[in-house]
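All figures in this text were calculated on a predicted structure; none of them were measured in a lab. Chain letters run A, B, ... following the sequence lines, proteins first and then strands; every chain starts at 1.
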Protein chains: 2
Amino acid sequence: MSARQMCTFFGGDAAHPLGLASAMATQKRQSGKRSGKANPAEDEAVYQAILHALLEGKLKAGVKLAEPPLADIFGVSRERIRKVLHRLGAERRLEMIPNRGARVPRPTLDDVRRVYEAHRVLEAGVLTQLVRRVDDALIERLNAHLAEERAAATRGDRAASVRLSGAFHVHLVEALGNAELSRFLADLLSRSSVMVSVYEPATDSICAVDEHGAIVEALRARDVARAIAVSREHFLHVESRLHLDDDAAPVSEDLTAVFAAIKPKRRKR
Amino acid sequence: MSARQMCTFFGGDAAHPLGLASAMATQKRQSGKRSGKANPAEDEAVYQAILHALLEGKLKAGVKLAEPPLADIFGVSRERIRKVLHRLGAERRLEMIPNRGARVPRPTLDDVRRVYEAHRVLEAGVLTQLVRRVDDALIERLNAHLAEERAAATRGDRAASVRLSGAFHVHLVEALGNAELSRFLADLLSRSSVMVSVYEPATDSICAVDEHGAIVEALRARDVARAIAVSREHFLHVESRLHLDDDAAPVSEDLTAVFAAIKPKRRKR
DNA sequence: TTTTATGAAAATGTGCACATTTGGCATGGT
DNA sequence: ACCATGCCAAATGTGCACATTTTCATAAAA
């Protein structure tokens, strides 16, 4: 359950967009070859595909997303791509420059710090509200999640560790049941997921399980001050590990390779 | 200064969009009559005009925003309007229904409560972080703002009171200097500004100045618990005043009247 | 009278052609 | 060798025509 929630933000597996894309392709085939009208889910499929690639970190920071190649890769009209790109731009997931197209944003170190600080501040508020409505069921759920985290850590599954670490904080906000707050956190996480690939040291897990456990303990004890203090230390700890990696990596990924698994129908020359 | 900040969210005066629109119209005239190409700021002008109307509450909840009439009113092509509408939809400021156009969202009472709760939780986090970096200058600024609020209240200026009440909370987040947090609050306020016109009792000021003063006092004393408690009470107080006004007001505003001041160039039959 | 069917007008969605702008490359001048 | 200028291919932006869908009004049937 927790894994699926994270999937919404990070896109743990690539099965979902692929399924959508192929289903879409089938439907398109049956409507002739170039009727070109009325595909309500086609936008969504392309949107999800690009979004997943973005959140998975397959699209590196600074990469140019030109319309013609994408239209060719996905086998849709350029306007379709265009609309999706602008939508992603409006959601601040892509950087749109007038007359110069869309690029994957290249966050500065200050940007990353700002996102982490926002998350820290938000979680302080969440914890404040959460101690007012803790019950055994919530503690139970959080402990179950901690068990998952520990299991992943002990078996050395780094990918699962990172995913579950993020999911823990998602659990905390979701416990409040407020869609606005959940959306805001999702926004922050989606932004930091791109950042991780730039600034995060790949050598270590993002969040230490112990610190998560301490937060749960403080929650169980209804100790607001301690919960906030632990959470704050936790975030500062993570932030201190950020390092600048601007060693001029002009990763000129070609888009065909990134989206190869999604749409095996691109035929060039 | 504070008034101008709020203007970004609520749009206190309609002078700005008008200026943009008329300037745009002039530029368009000089390029012939229907060259129809290359107006980089035209999108922005239309966007700002609709956004301002939305935030000012001139566009009532549930109103349909059809493309043809808007294109006629603003004197631009339908595609232009279309793009702006979809952008506002991506920002969740308009409700987009496939094949059925754009409508001003009609928030439920639960929606309103959710927004207020989110603001409450966010402010708890902001205050927690803020007590760590209070200085005399901040207290000074907040007190100056309180003075403005009191002045508006004593002279019975309801519009200014409402505006300044919101601006107080903006001041609190802006004091942290975190753009992500400021954006989130702006998002919440822009949503509630639409809601106010539906659920808020028009008879009373939104925020009591005394409660704002109590928050500042707690901040000056570096008393986190008290600051949060006062803030919480403050919000609950406001929330308790919400009332359901679903008495079927099918306000079928025609768009021409709403945007009349913006573009006096619409010629129909 | 209420409900259902039907068709026309209006509104939304989309591909396409074309204008404009950008970026790179070659050429020529200092 | 270096910088400036101009040209050409590619990419972005936009209006337009047309397909599809919705909506509304009118008429027909229960």
Side-chain angles (χ1 to χ4, degrees), chain A residues 24-25 27-28 30-47 50 62-90 94-104 250 252 254-256 268-269, chain B residues 24-25 27-28 30-47 50 62-90 94-104 250 252 254-256 268-269:
Chain A
M24 166 197 78
Q27 182 185 356
K28 184 174 183 181
Q30 82 183 166
S31 78
K33 187 162 69 176
R34 282 237 130 260
S35 79
K37 310 288 178 181
N39 286 53
E42 210 175 45
D43 286 20
E44 196 60 22
V46 176
Y47 172 80
I50 298 182
V63 169
K64 168 86 178 286
L65 291 179
E67 299 169 7
L70 286 175
D72 185 46
I73 289 174
F74 287 101
V76 301
S77 72
R78 189 168 68 87
E79 335 295 312
R80 204 63 73 102
I81 299 290
R82 182 178 183 71
K83 200 203 305 182
V84 170
L85 254 40
H86 278 270
R87 175 177 166 193
L88 288 166
L94 288 181
E95 186 178 352
M96 303 294 299
I97 307 175
N99 290 321
R100 296 183 56 182
R103 308 191 81 92
V104 179
S252 64
D254 74 316
L255 303 174
T256 315
K268 209 61 175 291
R269 59 209 54 181
Chain B
M24 166 198 78
Q27 182 185 357
K28 184 174 182 180
Q30 83 182 166
S31 78
K33 186 163 67 178
R34 282 240 130 257
S35 79
K37 309 289 177 179
N39 287 53
E42 212 176 45
D43 287 19
E44 197 60 24
V46 176
Y47 172 81
I50 298 182
V63 169
K64 168 89 178 286
L65 290 179
E67 299 169 5
L70 286 175
D72 185 45
I73 289 173
F74 287 100
V76 300
S77 72
R78 188 168 68 87
E79 333 296 310
R80 205 65 72 102
I81 299 291
R82 182 177 183 72
K83 199 203 305 182
V84 170
L85 254 39
H86 278 269
R87 175 176 166 194
L88 287 166
L94 288 181
E95 187 178 351
M96 303 294 299
I97 306 174
N99 289 322
R100 295 182 60 181
R103 310 191 79 92
V104 179
S252 64
D254 74 316
L255 303 174
T256 313
K268 207 63 173 292
R269 58 208 53 183

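Salt-bridge formation is not detected for the pair B:Glu95/B:Arg103: no Lys NZ or Arg NE/NH1/NH2 atom is positioned less than 4.0 Å from an Asp or Glu carboxylate oxygen. Between B:Glu44 and B:Arg87, at least one side-chain nitrogen of the basic residue sits less than 4.0 Å from a carboxylate oxygen of the acidic one, meeting the salt-bridge criterion.
For the residue pair B:Ala90 and A:Ala90, the shortest heavy atom distance occurs at CB-CB, 3.9 Å. The two residues B:Arg100 and B:Lys64 come nearest to each other via the heavy atoms O-CE, 3.5 Å. Minimum interatomic distance between A:Leu94 and A:Ala102 (heavy atoms only, all atoms of both residues): CD1-CB, 4.2 Å.
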Verify side chain to side chain contact (heavy atoms under 4.5 Å, CB included) between B:Ile50 and B:Leu85, making sure each step is shown before the conclusion. CA-CA 9 Å; B:Ile50 298 182; B:Leu85 254 39; 4.0 Å; yes

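As a whole-Å value, the separation of B:Lys83 NZ from D:dG15 C1' is 12 Å. To the nearest angstrom, C1' of D:dC16 lies 14 Å from CZ of B:Arg80. Between A:Ile81 atom CD1 and D:dG13 atom P there is a gap of 14 Å when expressed in whole angstrom units.
Remark: A:Ser77 is in phosphate contact with C:dG15, judged by side-chain N or O atoms under 4.0 Å from OP1 or OP2.
Side chain of B:His86, nearest nucleotide from D:dG13, C:dG13, C:dC16: C:dG13.
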For nucleotides 6-12 of chain C, list the nitrogen or oxygen atoms of the protein found under 3.5 Å from its nitrogen or oxygen atoms, one pair per line.
{"from": "C:dT12", "atom 1": "OP2", "to": "B:Glu67", "atom 2": "N", "distance (Å)": "3.2"}

